[in-house]
Amino acid sequence: MSTSDTNAPVRVRIAPSPTGEPHVGTAYIALFNYLFARKHNGTFILRIEDTDATRSTPEFETKVLDALKWCGLEWSEGPDIGGPYGPYRQSDRKDMYQPYAQELLDKGHAFRCFCTPERLEQMREAQRASGKPPKYDGLCLHLKAEEVTSKMAAGESSVIRMKIPTEGSCDFTDGVYGDVSIPWDSVDMQVLIKGDGMPTYHMANVIDDHLMKITHVARGEEWLASVPKHILLYRYFGWDQPTFMHLSLMRNADKSKLSKRKNPTSISYYSALGYVPEALMNFLGLFFMQIAEGEELMTMAELAEKFDPENLSKSGAIFDIQKLDWLNGRWLREKFSEEEFTARVLTWAMENDRLKEGLRLSQSRITKLGELPDLAGFLLKSDLGLEPAAFAKVKSSPEEILEILNTVQPDLEKIFEWNVESIEAELRAIAERMDKKLKVVLAPLFVAVSGSSRSLPLFDSMAILGRSVVRQRLKVAAKVVASMAGSGK
RNA sequence: GCGCCCAUCGUCUAGCGGUCAGGACAUCGCCCUCUCACGGCGAAAACACGGGUUCGAUUCCCGUUGGGCGUACCA
């Protein structure tokens with residue numbers, strides 16, 4: 001199988017999907033691509049993968065772009081600045097995928113499938129029950145052309161699936177993992193075009209990478225098992241395939257894939273706490289080079305210099321916040337002049353209007369300016385240092401507080417757009433559902449979020465802090481209260 | 001369950017047949033010092049297990065165990 005011309009100019013991309021808070025894992029993969037491009041005098045591009053119309057939002061897209069810019073990872077082509085291979089947002093490319101899907105249909109490499117999600121679910125359930133791997137059973141594989149047209153004419157919803165070889169295996173060389181062999185019978189007949197006409201990741205990704213002349217696809221290890229589908233598509237289209245490089249995933253302390261449930265994963269969480277982007281990039285960059293001995297404090301330029309994509313670790317590294325802390329501290333005291341440091345602090349305090357909003361909310365609540373740190377300081381603190389005593393003024397029992405915290409946490413995750421109104425609406429709904437007065441539900445939240453019962457308005461505070469910081473504070477509070485519940489208040 | 005992948009101090013790692021298994025973070029101790037940090041010095045701390053191959057395995061091969069990812073009309 002041919003791969004891209006090794007003399008072609010290097011073009012790499014970061015392809016985030018705007019379906020949630022910008023993730024440090026995205027920054028990690030983006031940094032790799034960015035450094036790779038720099039190393040090879042190549043081009044680093046940004047493409048928005050918003051083919052999941054139900055979860056993607058323009059707000060998240062803006063946040064992703066902002067977060068990546070905050071990291072200092074600048075792209076040469078992207079949805080915000082355009083470029084010769086645009087558009088760079090897959091939803092804007094929707095119509096481009098149809099002819100390719102038709103081509104596969106015409107060549108017999110793909111077929112229409114009219115199975116309902118319900119049937120597919122039942123099918124998988126049955127397969128699982130009988131100990132077989134869940135896989136499309138091929139019901140629509142041999143529909144006659146007339147059947148397809150009549151079903152289409154009848155307005156039946158359909159998807160397009162790709163055909164997969166039944167024997168042998170897909171062998172390929174990964175830039176990180178080396179030779180990999182995956183049997184075809186473990187590969188499912190992947191949906192290429194969804195019922196809503198949008199392509200799936202697999203389809204859009206291959207077509208866009210080809211059209212955008214991407215030479216190296218560097219992405220998370222979670223995609224390794226999908227490579228056969230992608231390679232097969234390149235073959236079906238008769239295109240050269242790029243070089244694949246799968247990066248081991250960053251892990252939670254328990255070694256599972258880094259997730260917000262177990263760890264703060266939002267880039268905005270780290271910026272809110274006062275980590276500087278240089279330190280975060282320095283920290284993430286350390287995973288892409290082998291420092292046997294010597295200085296680990298590095299600027300982006302030094303990272304690019306020492307970057308070594310040839311010899312990457314294949315096992316996932318735990319996101320070690322203590323090492324990040326150490327690096328961040330060193331950046332603060334060694335890399336910044338007094339002036340630079342002061343400027344950074346001011347910029348940070350004003351980020352997201354944190355300080356400005358805090359002052360606005362404080363004005364009517366203080367008699368002396370000196371009360372500000374106590375009243376609004378929680379908006380700037382990285383750690384509340386919460387102790388059981390902080391809950392003294394909350395009338396509920398520790399058990400009830402814990403119940404409230406544990407109910408609120410998952411429900412706040414459901415909030416689509418994080419703002420004062422949506423937070424208030426959700427919390428009122430929770431109180432109603434729990435059949436408690438609003439103030440009863442809110443009382444422990446004031447303490448969890450601000451560290452005190454005397455505080456700024458809760459909904460505003462939560463909006464200013466941002467969902468990732470609030471998530472973490474609720475988690476910490478639950479832990480503190482749980483320890484009280486055990487020993488009596 | 002099935003497929004793929006991974007495996008050195010608590011954590012990140014160096015090692016690519018012969019090393020007292022090196023460094024960094026964290027931890028602990030000492031020094032510096034008006035406190036706390038910073039900084040300096042030092043300590044403790046690892047080759048998952050079992051078979052091979054070899055004069056010799058952390059290193060190469062095979063198993064076992066453990067872990068991860070995937071198994072969607074999500075990416």
Side-chain angles (χ1 to χ4, degrees), chain A residues 15-20 23 25-26 48-56 90 113-121 123-124 127-136 157-161 169-172 174 176-205 219-229 246-258 283-284 286-297 311-327 329-330 332-334:
Chain A
S17 84
T19 53
H23 199 281
T26 304
I48 291 292
E49 309 232 330
D50 57 351
T51 51
D52 184 347
T54 60
R55 293 197 305 149
S56 300
Q90 290 183 327
C113 170
F114 296 88
C115 297
T116 62
E118 294 72 36
R119 188 192 95 76
L120 293 172
E121 193 38 55
M123 175 196 77
R124 291 192 192 102
Q127 289 166 333
R128 269 189 287 265
S130 61
K132 276 183 269 181
K135 219 170 113 181
Y136 183 62
S157 171
S158 69
V159 302
I160 298 176
R161 286 179 187 274
S169 61
C170 179
D171 302 334
F172 61 95
D174 182 84
V176 175
Y177 286 92
D179 293 337
V180 179
S181 177
I182 297 175
W184 284 117
D185 70 5
S186 75
V187 180
D188 203 0
M189 290 177 251
Q190 181 65 48
V191 169
L192 262 18
I193 301 289
K194 300 185 264 189
D196 65 359
M198 277 286 211
T200 55
Y201 168 85
H202 306 280
M203 179 73 165
N205 165 263
R219 77 244 282 196
E221 181 197 347
E222 72 249 56
W223 294 108
L224 194 61
S226 298
V227 171
K229 294 171 185 172
H246 290 85
L247 275 33
S248 56
L249 264 16
M250 286 192 298
R251 313 283 185 82
N252 298 307
D254 66 0
K255 287 276 185 187
S256 58
K257 175 163 100 170
L258 193 63
F283 174 67
L284 296 178
L286 251 20
F287 293 121
F288 305 138
M289 52 208 73
Q290 295 69 45
I291 312 269
E293 285 173 42
E295 187 55 272
E296 292 183 290
L297 187 71
N311 198 17
L312 298 175
S313 169
K314 298 182 189 76
S315 57
I318 289 169
F319 190 91
D320 182 6
I321 195 119
Q322 290 184 314
K323 185 125 185 186
L324 207 209
D325 281 347
W326 171 72
L327 275 172
R330 288 196 62 190
L332 257 28
R333 70 183 93 95
E334 294 179 34

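Letters go in sequence order (proteins before strands), and every chain restarts at 1. These numbers come from the heavy atoms of this one structure, side chains and all, not from hydrogens, waters or symmetry mates.
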Contacts under 3.5 Å, N or O only, protein and nucleotides 42-45 of chain B:
none

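- Proximity of A/Val191 to A/Arg161: side-chain heavy atoms (C-beta onward) are separated by under 4.5 Å at one or more points.
- Across the protein-nucleic acid pair, A/Asp325 atom CG and B/C38 atom P stand 12 Å apart, rounded to whole Å.
- The pairing partner recorded for B/U19 is none, the criterion being a Watson-Crick or G-U wobble arrangement whose two distances lie under 3.5 angstrom.
- The pair A/Glu296-A/Lys323 meets the salt-bridge criterion, with a side-chain N (NZ, NE, NH1 or NH2) lying under 4.0 Å from an Asp/Glu carboxylate O.
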Test A/Leu247 against A/Phe288 for side-chain contact (heavy atoms from CB on, under 4.5 Å), laying out the working first.
CA-CA 9 Å; A/Leu247 275 33; A/Phe288 305 138; 4.1 Å; yes
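- One P atom belongs to B/A46, the other to B/U8, and the distance between them is 14 Å to the nearest Å.
- Distance A/Ile318 CD1 to B/U8 P: 11 Å, rounded to the nearest Å.
- Residues A/Thr200 and A/Lys194 come closest through the heavy atom pair CG2-CG, 3.7 Å.
- Across every strand in view, B/C36 sits unpaired, with no contact that passes the Watson-Crick or G-U test at under 3.5 angstrom.
- B/G18 and B/U33 are spaced 47 Å apart, taking the P atom of each and rounding to whole Å.
- A straight line from CZ of A/Arg219 to P of B/C4 spans 19 Å, rounded to a whole angstrom.
- Counting any heavy atom pair closer than 4.0 Å across all strands shown, A/Thr54 reaches no nucleic acid atom.
- Following rounding to the nearest Å, A/Asn252 (CG) and B/U11 (C1') show an atom-to-atom distance of 14 Å.
- Mapping A/Met289 and A/Tyr177 onto RNA chain B by nearest heavy atom places A/Tyr177 closer to the 5' end of the strand.
- Here the options are A/Ile48, A/Thr51, A/Asp52, the test is side chain to side chain contact (heavy atoms under 4.5 Å, CB included), and the partner is A/Gln90; only A/Thr51 passes.
- Ion pairing between a basic and an acidic side chain is recognised when a charged N comes within 4.0 Å of a carboxylate O; A/Glu49 and A/Arg55 show no such pairing.
- Pairing partner, B/G29: B/C41, with both Watson-Crick or wobble hydrogen-bond distances short of 3.5 Å.
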Would you tabulate the pairs of protein nitrogen or oxygen atoms and nucleotide nitrogen or oxygen atoms of nucleotides 20-24 of chain B closer than 3.5 angstrom?
unit_1 : atom_1 : unit_2   : atom_2 : d
B/G22  : O2'    : A/Glu293 : OE2    : 2.7
B/G22  : N2     : A/Ala292 : O      : 3.2
B/A24  : O2'    : A/Glu296 : OE1    : 2.4
B/A24  : O2'    : A/Lys323 : NZ     : 3.2

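- Residues A/Thr26 and A/Pro16 share a closest heavy-atom pair of CG2-CB, 3.9 Å.
- Using cut-offs of 30° and 60° on the angle between ring planes, the pair A/Trp223 and A/Tyr201 is parallel.
- Relative to the side chain of A/Ile182, the nucleotides B/C4, B/U11, B/C12 differ in distance, and B/C4 lies closest.
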So if I define the base as every atom that isn't primed, P, OP1 or OP2, how would nucleotides 66-75 of chain B read as a B/S/- string at a heavy-atom cutoff under 4.0 Å?
-SSSSSSBBB
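- Taking the C1' atoms as reference points, B/U71 lies 42 Å from B/U27, given to the whole Å.
- A 3.5 Å limit on both hydrogen-bonding distances identifies B/G1 as the Watson-Crick or G-U partner of B/U71.
- Comparing B/G51 with B/A43, their P atoms sit 35 Å apart, to the nearest whole Å.
- Taking the P atom of each, B/C38 and B/C60 are spaced 40 Å apart, rounded to whole Å.
- Annotation for A/Met203 and A/Leu192: closest pair CB-O, 3.4 Å, computed over non-hydrogen atoms.
- By the 4.5 Å heavy-atom criterion applied to side chains, A/Ile182 and A/Phe172 are counted as neighbours.
- For the C1' atoms, the distance from B/C28 to B/U59 is 33 Å, rounded to whole Å.
- Atom CZ of A/Phe283 and atom P of B/A26 are 12 Å apart (whole Å).
- Checking B/C60 for Watson-Crick or G-U wobble geometry (two distances, each under 3.5 Å) identifies B/G52 as its partner.
- Closest heavy-atom contact between A/Ala253 and A/Ile318: O-CD1, 3.7 Å.
- In plain terms, the two heavy atoms of A/Phe319 and A/Leu284 that are nearest each other are CE1-CD2, 4.3 Å.
- Shown here, B/U11 forms a base pair with B/A24; the pair counts as Watson-Crick or G-U wobble because both key distances fall under 3.5 Å.
- Considering every non-hydrogen atom in both A/Ser248 and A/Ser313, the closest pair reads OG-O, 3.3 Å.
- Here B/C4 presents its P atom at 11 Å from CZ of A/Phe172, a figure rounded to the nearest Å.
- Taking atom P in both B/C69 and B/G10, one finds a spacing of 22 Å when rounded to whole Å.
- Atom name P, nucleotides B/C41 and B/C47: the rounded distance is 28 Å, in whole Å.
- Note: NE2 (A/His246) to P (B/C6) measures 13 Å, nearest angstrom.
- Look at CZ on A/Phe319: it is 15 Å from P on B/A26, rounded to the nearest Å.
- Using a 4.0 Å heavy-atom cutoff across all strands shown, A/Ser181 reaches sugar-phosphate atoms only and no base atom.
- Between the side chains of A/Asp171 and A/Ser169, a donor-acceptor pair is found at a separation under 3.5 Å.
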